[in-house]
Amino acid sequence: MSLDLVLFGGTGDLAWRKLMPALFQAFRHGSLPDNTRIIGVARDDLSDQQYRALMRGRLDQVDLAKRPSPQEFDRFAALLHFLRMDLSKPDDFRRLAGMLRQQQADSVVMYLATAPSLFTAACEQLAAAGLNTPNTRVVLEKPLGSDLASNRAINETVRKVLRENQIFRIDHYLGKPSVQNLFALRFGNALFEPLWRRETIANIQITIAEDFGVEKRGAFYDNTGALRDMVQNHALQLVCALAMEPPINAHADAIRDEKLKVLRSLKPWTGEDIGQHVVRGQYAAGIVGGEAVPGYRDEAGVNPQSTTETFVALRAEIANWRWAGVPFYIRTGKRLAARDARIVINFRPAPHAIFRSPNGDANRLVIHLQPKDGLELHLLAQGQENRQQAKTLAPALTPVHLDLDFDKRFGSERVGAYERLLLDVIDGRLNLFVRSDEQEEAWRWVEPVMDHWRQDPSGPRPYAAGTWGPSAASAMIARDGHCWSEEC
Ligand code: BG6
């Protein structure tokens, strides 16, 4: 089999940070077809040799275990090519078509790792140059558009030139091993299913915390913000994985139909809800890992008066029989106290107490997404130290937990999210990609929050870098009588 993988944005941030390291791992694991060409496309003026040298520099920075030896890199470099292109120029697409004709590959993947504003033009140009052949697949990076209207416009154009099964809308959270394990936990094990509902679950918390700032992406981030960058896609896809009904089989549309129902069941916002149940924040200078770091407005590429949010905490509800009344708290932010992505499922306390248990303690399932990948089940037990008390009528219990560490069990060198998703595109598997109707529902749900913020002069609440965000996020959850997992 032969493959041409065209990487638009071939020198950009995503190619640099995620795609090239993932492609190298796929190569190292022997997963790329024998005749593969990876064609980096960008406006830079680079020869193949210069592009290879640039990517060599990148791969020399990754973790030691994932770094190529000189011989390995030479073999990988032979796959790398570069084509200078301006995405607005039809002639440049004709040159690309000429290059692709040389190999007549069985499979052609066009990865649009560019600004979403270029997607429509790029797809139109691909079609005009006759590059939308049946063996072509197009990968669209998130965020797809900046609101519902722009998302629809992109999807409409793309659908005019490609069939739905040729369109791969990526959300790399779906490719994470920990998210695969969430599906396995729910749909490969019967144990939790009877408990997975409003009668037993008090609330669910999704935290995606990052301790780093906007790094070199200040200009992009300042036009995007945490709601569009993380909530509309990654966090809502996690909500879907947690709340969806079991699909009838593992086919892409069976899974996507169930996810869509969750998105459609998200309780719509009212203006009052947004004021009470959504908190936006922006990091100020602070200390992270013992080092002083600047505030968001002092980052390169960021407007010094910016009102872009770098933190969001919100309370969502899913209006259906399984979940009515169960709060789903979502929290994400940059420059927080730790890099930690986790889902906490807080079960209701025992309905009648015959033991004494620590205040507020109940069962809890923690799903660690990163940096750790595993499960913790928190229970209450009677420990040695309670033997005296156990003689009384109401013995005291102690919190304990069962800990399943997937990195220890399966090794931490498992296939990473981007590698997994790239291989799925090459094989034409759509299960872990997002359908256009899912994206539209997600935009429809977040849009009232965007509108409300636009009209609200108070702007985001400042929080010191290295903390867990504005105190209003704790107050929001406390109003329901709950607390974030690190606070209670
Ligand atoms: C990206 C966002 O989609 O996801 C980034 O644009 C964010 O801002 C990143 O840092 C987080 O991904 P991961 O896999 O590092 O959690």
Side-chain angles (χ1 to χ4, degrees), residues 9 12-22 25 61-63 66 111-117 139-146 151 168-182 206-238 241 280-283 288 293 296 299-302 306 308-312 330-343 367-373 407 412 414-422 432-434 439 442-443 446 465 469:
D13 178 75
L14 188 73
W16 180 258
R17 278 187 307 124
K18 305 270 194 187
L19 299 178
M20 207 41 85
Q25 289 308 311
Q61 294 172 1
V62 300
D63 293 346
K66 296 190 171 167
Y111 199 123
L112 297 184
T114 61
S117 54
V139 186
L140 303 170
E141 257 298 332
K142 61 137 283 265
L144 205 64
S146 52
N151 173 265
F168 289 71
R169 298 178 193 82
I170 210 161
D171 183 312
H172 78 276
Y173 265 58
L174 292 176
K176 284 184 187 287
S178 45
V179 179
Q180 308 301 306
N181 265 318
L182 174 55
I206 298 173
T207 296
I208 311 176
E210 298 178 322
D211 52 1
F212 47 88
V214 289
E215 301 185 306
K216 292 182 183 148
R217 302 161 71 221
F220 158 80
Y221 195 88
D222 211 28
N223 283 318
T224 308
L227 190 72
R228 289 186 178 97
D229 189 41
M230 299 295 286
V231 177
Q232 187 271 343
N233 31 75
H234 303 325
L236 286 186
Q237 285 294 324
L238 293 178
R280 62 173 158 161
Q282 187 188 72
Y283 62 84
V288 175
V293 297
Y296 175 69
E299 300 274 19
V302 171
S306 173
T308 299
E309 78 289 354
T310 60
F311 174 95
V312 180
I330 296 175
R331 175 177 59 158
T332 183
K334 300 219 178 268
R335 283 284 188 229
L336 295 183
R339 179 164 189 252
D340 184 7
R342 62 167 69 185
I343 296 165
I367 303 171
H368 290 279
L369 304 178
Q370 65 189 25
K372 185 176 157 181
D373 176 6
D407 289 330
S412 55
R414 277 170 295 151
V415 170
Y418 270 101
E419 180 182 354
R420 161 91 202 237
L421 294 174
L422 279 161
L432 299 178
F433 294 83
V434 182
Q439 275 185 337
W443 278 118
V446 297

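Numbering starts at 1 and runs along the sequence shown. Just the heavy atoms: all of them, side chains too, but no hydrogens, waters or symmetry mates, feed the values below. Small disclaimer: the values here were computed from a predicted structure and weren't measured. One-based numbering, in listed order, for ligands and for the atoms of each.
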- Hits for salt bridge (charged side-chain N to carboxylate O under 4.0 Å, His left out) against Asp171, two or more places apart or cross-chain, chain-then-number order -> none
- Task: Indicate yes or no: at least one non-hydrogen side-chain atom of Tyr221 is less than 4.5 angstrom from one of Tyr296.
- Result: yes
Polar pairs, ligand 1 vs protein, N/O only, below 3.5 Å.
{"residue": "ligand 1", "atom": "3 (O)", "partner": "Lys142", "partner atom": "NZ", "Å": "2.6"}
{"residue": "ligand 1", "atom": "3 (O)", "partner": "His234", "partner atom": "NE2", "Å": "2.7"}
{"residue": "ligand 1", "atom": "4 (O)", "partner": "His234", "partner atom": "NE2", "Å": "3.4"}
{"residue": "ligand 1", "atom": "6 (O)", "partner": "Lys142", "partner atom": "NZ", "Å": "3.2"}
{"residue": "ligand 1", "atom": "6 (O)", "partner": "Arg217", "partner atom": "NH2", "Å": "2.8"}
{"residue": "ligand 1", "atom": "6 (O)", "partner": "Asp229", "partner atom": "OD1", "Å": "2.6"}
{"residue": "ligand 1", "atom": "6 (O)", "partner": "Asp229", "partner atom": "OD2", "Å": "3.3"}
{"residue": "ligand 1", "atom": "8 (O)", "partner": "Arg217", "partner atom": "NH1", "Å": "2.9"}
{"residue": "ligand 1", "atom": "8 (O)", "partner": "Asp229", "partner atom": "OD2", "Å": "2.6"}
{"residue": "ligand 1", "atom": "8 (O)", "partner": "Lys334", "partner atom": "NZ", "Å": "2.9"}
{"residue": "ligand 1", "atom": "10 (O)", "partner": "Glu210", "partner atom": "OE1", "Å": "3.4"}
{"residue": "ligand 1", "atom": "10 (O)", "partner": "Glu210", "partner atom": "OE2", "Å": "2.6"}
{"residue": "ligand 1", "atom": "10 (O)", "partner": "Lys334", "partner atom": "NZ", "Å": "3.2"}
{"residue": "ligand 1", "atom": "12 (O)", "partner": "His172", "partner atom": "NE2", "Å": "3.1"}
{"residue": "ligand 1", "atom": "14 (O)", "partner": "His172", "partner atom": "NE2", "Å": "2.8"}
{"residue": "ligand 1", "atom": "14 (O)", "partner": "Lys176", "partner atom": "NZ", "Å": "2.6"}
{"residue": "ligand 1", "atom": "15 (O)", "partner": "Arg339", "partner atom": "NH2", "Å": "3.2"}
{"residue": "ligand 1", "atom": "16 (O)", "partner": "Tyr173", "partner atom": "OH", "Å": "2.6"}
{"residue": "ligand 1", "atom": "16 (O)", "partner": "Gln370", "partner atom": "NE2", "Å": "2.5"}

- Is Arg339 paired with Glu210 through a side-chain N to carboxylate O contact shorter than 4.0 Å? no
- Query: Does the side chain of Glu141 pick up a donor-acceptor pair with the side chain of Tyr111 at under 3.5 Å?
  - Reply: yes
- Item | Asp229 bridged to Lys142 by N-O distance under 4.0 Å | yes
- Task: Without swapping roles, check the side chain of Arg331 against the backbone of Thr207 for a donor-acceptor pair under 3.5 Å.
- Result: no
